[in-house]
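Counting convention: from 1, in listed order, for ligands and their atoms alike.
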Amino acid sequence: MTRLRARWPFLVPAVFFLALAVRAQVPTPQSVLGHTPGDDYYLANYEEEIHYFHVMAEHSDRMKMFTVGKTTEGREIEVAVISSPENLAKLDDYKAIARRLATAQDLDDAQALQLAQSSKVIVHIDGGLHSNEVAGPQHSIMLAYRLLTAQNDPEIDRILNNVILLLWPTLNPDGQDMVVSWYRKNVGTRFEVSPMPWLFQDYVGHDNNRDGYMLNMKESQVVTRTEIDYSPAIFYCQHQTAPFPARIWIPPFSDPISSNISPYVRSWFNVIGTDMAAYLDEHQMPGAISESEFDNWYPGFVDYAGSFRNEISFFTETALYRYATPRFYTVDEFPKNMQDLKALTMYTTPWQGGWWHLKDAVDYMVAGSMSVLDTAARYRETLLYNQYQAARDNIRRYTDAPPYAYVIPSVQADAPEGELLAHIMEENGIAIRESETGFHANERDYPAGSWVILMNQPYSAMAKELFEIQRYPEALFSESNKPVDLPYDVTGWTLPLQMGVRVDAVTDPLTPDQLSHLKEVTTLDAPATQVEGAGGVFIVSHQPNASFRLINDVLASGGSVAFAQDEVKTPEGMERGAIVVSGVSRGAMDDLAKKYAVSVLAAEKAPEHTIAIHKARVGLYRPWDPSIDEGWTRWILEQYGFAPISLYNADMRAGELRDRVDVIVLPDMSSHQMMDGFGPGIVPGEYAGGLGEEGLNSLRDFVRQGGTLVAFNESANSLIPLLSLPVTNVLEGAKPDKFFCSGALLRVELQSTDRPVTYGLPGEPVVMFERGPAFVTQPGFHGAVLARYPNDSNPLESGLLLHPEAIEDKVAALEVPYGEGRIFLYGFKPQWRAQSHGTYKFFFNVLYKYEQPAFAKPPAAPGAEPKGNVVAAE
Ligand SMILES: [Zn+2]
């Protein structure tokens with residue numbers, strides 16, 4: 001002992017400094033950020049996080065940083081790539097191999113196996129995209145620090161040698177900064193855990209994870225483009241909505257699951273989940289639960305969509321109290337059936353309650369990520385080979401069986417939407433071909449310029465998933481014909497139906513002759529359009545959505561627009577409601593036709609009966625209890641040049657709304673959200689409350705004085721009692737055993753085709769019904785029914801609808817006169833997640849000022865007592 005002690009003074013410093021020299025290469029988070037992520041009451045914002053990532057990259061040969069795009073607010077989106085220095089030196093080679101395997105490009109099984117053996121597996125992990133789920137980005141910092149600083153750690157060495165980690169600090173940088181700045185403002189005050197009174201993505205908030213195939217938002221585009229570029233075998237996203245009292249939800253998922261994704265992907269979800277459960281147990285982290293709540297049905301999740309590109313794309317949900325504030329839980333707060341703390345097959349180690357700190361959430365997330373990396377390192381070769389097999393099998397599947405291809409004809413009622421759909425598929429990694437003259441399939445000649453998706457390509461499962469009709473699996477119905485598990489999100493989304501685009505499946509194998517009429521395209525061109533004919537008046541079809549961009553440009557430039565009331569000839573054929581433009585030069589019209597891919601017919605004079613259209617000032621109600629539907633609506637209105645004005649509670653309560661706007665849009669929200677908003681004490685005073693009586697009164701005055709009020713879905717239902725409208729909702733309070741439709745595509749029959757609101761719509765539009773109302777009119781109703789569910793057939797086109805008889809012959813949309821103004825009630829979402837393009841016109845048509853034609857006299861309802869001239873009982 002004495003001798004040893006005598007030697008320590010010499011030995012200890014040497015060893016100590018040696019260790020320090022290695023460790024000091026990467027500064028601790030504490031030394032750079034002033035805190036360790038996970039500390040109570042502390043959250044790093046995006047700039048701080050990225051700064052620290054750069055500091056780490058400067059001090060480590062295990063990490064490189066890349067900029068992959070820009071956010072909605074213009075921030076640079078940065079990602080880190082972490083692996084051994086040897087792997088990083090060959091990153092481009094490994095990416096190329098991953099791409100070859102993921103697409104089964106020019107490979108036979110033996111070659112693929114050889115590549116799988118010799119390459120590295122790419123894994124995507126991110127800090128989440130729901131920014132109020134705050135632990136995600138903090139986890140990314142701690143995960144990177146751990147991987148960069150470990151020395152002689154066999155687990156991490158194995159990971160670094162076998163895995164190339166693509167680590168996103170977050171998928172939503174804008175939101176991270178918003179939430180952190182909101183929390184910093186409130187921490188230590190009575191509003192420390194207040195919800196943020198705006199969306200954490202400028203337009204879509206929490207729906208930033210519902211944009212996985214439509215790719216409307218910049219962030220979704222960047223993540224998808226990057227994902228296709230790197231071809232990760234695994235895509236893992238961090239969330240924080242664990243079903244209480246579980247501490248983390250992990251796969252396996254609940255049913256249903258899509259049959260279009262590869263069986264390899266489906267079974268790897270389960271392997272990764274059970275590996276993770278074991279990993280958490282090994283590290284004494286109780287409370288992991290599986291197979292409850294979250295299913296694999298809706299493909300719109302950004303963190304699931306990659307599964308249709310043969311990636312194992314999934315998420316976990318760690319427990320969250322609020323922000324970085326800790327909370328103590330006792331067992332008597334648990335749901336009654338969980339208080340016995342008994343283990344379950346899919347809840348192996350019940351959590352016993354106690355403190356839950358941000359650090360706990362960060363640790364669970366890091367453990368989840370480490371488990372995935374460990375699994376990837378151990379099964380590198382199998383994962384890579386399975387990824388190849390998934391692509392190979394998908395190609396074979398559609399070489400041998402239908403659909404062999406899908407055709408998007410270039411001639412459509414709304415041709416620019418056809419091109420847009422082809423573009424969306426291209427962004428999803430699908431190769432598109434274009435038909436040349438003479439392409440014949442399905443016993444018809446397709447016009448040149450039609451787009452063709454050959455299904456024998458690696459990612460075509462996405463095309464099938466988006467194009468086909470969804471039928472909820474029969475196996476999931478109980479004997480009483482009710483689904484055993486109610487779906488987590490919507491059940492039907494068929495894009496051609498939603499977008500109003502004709503798409504044909506090719507059910508016979510394509511012959512060499514047919515294939516010879518298809519050419520590969522690298523950039524999609526919109527159908528060529530021009531102004532035809534002579535004269536200073538221009539006729540445009542009302543059917544393309546793009547016509548509204550054209551109208552808004554014409555009105556902004558001082559030109560005149562009118563809608564023709566009789567059927568007249570347009571470039572798309574005879575139609576009612578044709579758009580008549582005058583006061584614009586032919587050259588300007590030529591430019592607009594090209595810009596929006598809309599055909600134009602010139603004429604010497606305008607049709608006889610027209611309604612002059614004027615630009616309206618469009619107000620959009622924006623509650624402080626934020627509405628995702630408001631954000632989507634605002635985005636669509638901006639895209640189409642309607643320049644909406646946000647109306648907050650103060651604006652609504654201040655009155656004199658008629659002086660400010662011509663149209664007010666109420667996005668889908670509950671009556672409580674609209675009228676009451678956040679209760680007092682929940683948020684700082686300026687954000688508390690909703691419209692209230694005052695706001696409702698000024699809304700009422702606004703319509704009485706000639707304003708137009710537009711309400712979607714639940715808001716439409718709320719207005720009935722609030723404004724005493726002569727309408728009732730037949731689905732009020734209906735339980736799933738009487739009616740259930742959580743999001744499906746339903747067919748409606750267009751009525752009142754003389755009303756301008758219906759112009760441009762097909763006779764039987766397909767609408768997105770999402771827990772909405774269905775109406776019947778009451779005595780005293782003197783308006784117009786705009787759309788009705790059929791009275792002799794099931795309206796279901798795609799998805800799940802239980803008890804269709806409940807809405808048989810019921811009203812889907814109506815126009816209610818009210819004082820000098822009018823109210824448009826839609827029992828569906830004509831602008832759902834900026835996907836249901838086919839019903840935008842229900843909405844766009846009412847966003848102008850124009851003289852409304854008188855209502856047709858309604859047939860006297862038997863036994864009904866009309867209330868004189870009162871247009872609406874108030
Ligand atoms: Zn989430």
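Residues Arg833 and Asp211 are not paired through a salt bridge, judged by the lack of any N-O separation under 4.0 Å between the basic side chain and the carboxylate.
Annotation: Lys464, atom NZ; neighbour count of heavy atoms from other residues, nucleotides and ligands within 6.0 Å is above 12.
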What donor-acceptor contacts under 3.5 angstrom involve side-chain atoms of residues 350-357, with partners at least two apart or in another chain?
from	atom 1	to	atom 2	distance (Å)
Trp356	NE1	Ala319	O	3.1
His357	ND1	Asp40	OD1	2.9
His357	ND1	Asp40	OD2	3.0

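Ring pair Tyr472/Trp297 is perpendicular by interplanar angle, where above 60° counts as perpendicular and below 30° as parallel.
If you look at the Zn ion (ligand 1), the protein N, O or S atoms less than 2.8 Å from it are His130 ND1, Glu133 OE1, Glu133 OE2, His239 ND1.
Phe828 does not carry Arg771 over the face of its six-membered ring by the limits of under 6.0 Å from the centre and within 45° of the normal.
Exactly one of Lys218, Glu638, Glu630, Arg634 qualifies for a side chain to side chain donor-acceptor pair (under 3.5 Å) with Tyr203. That residue is Glu638.
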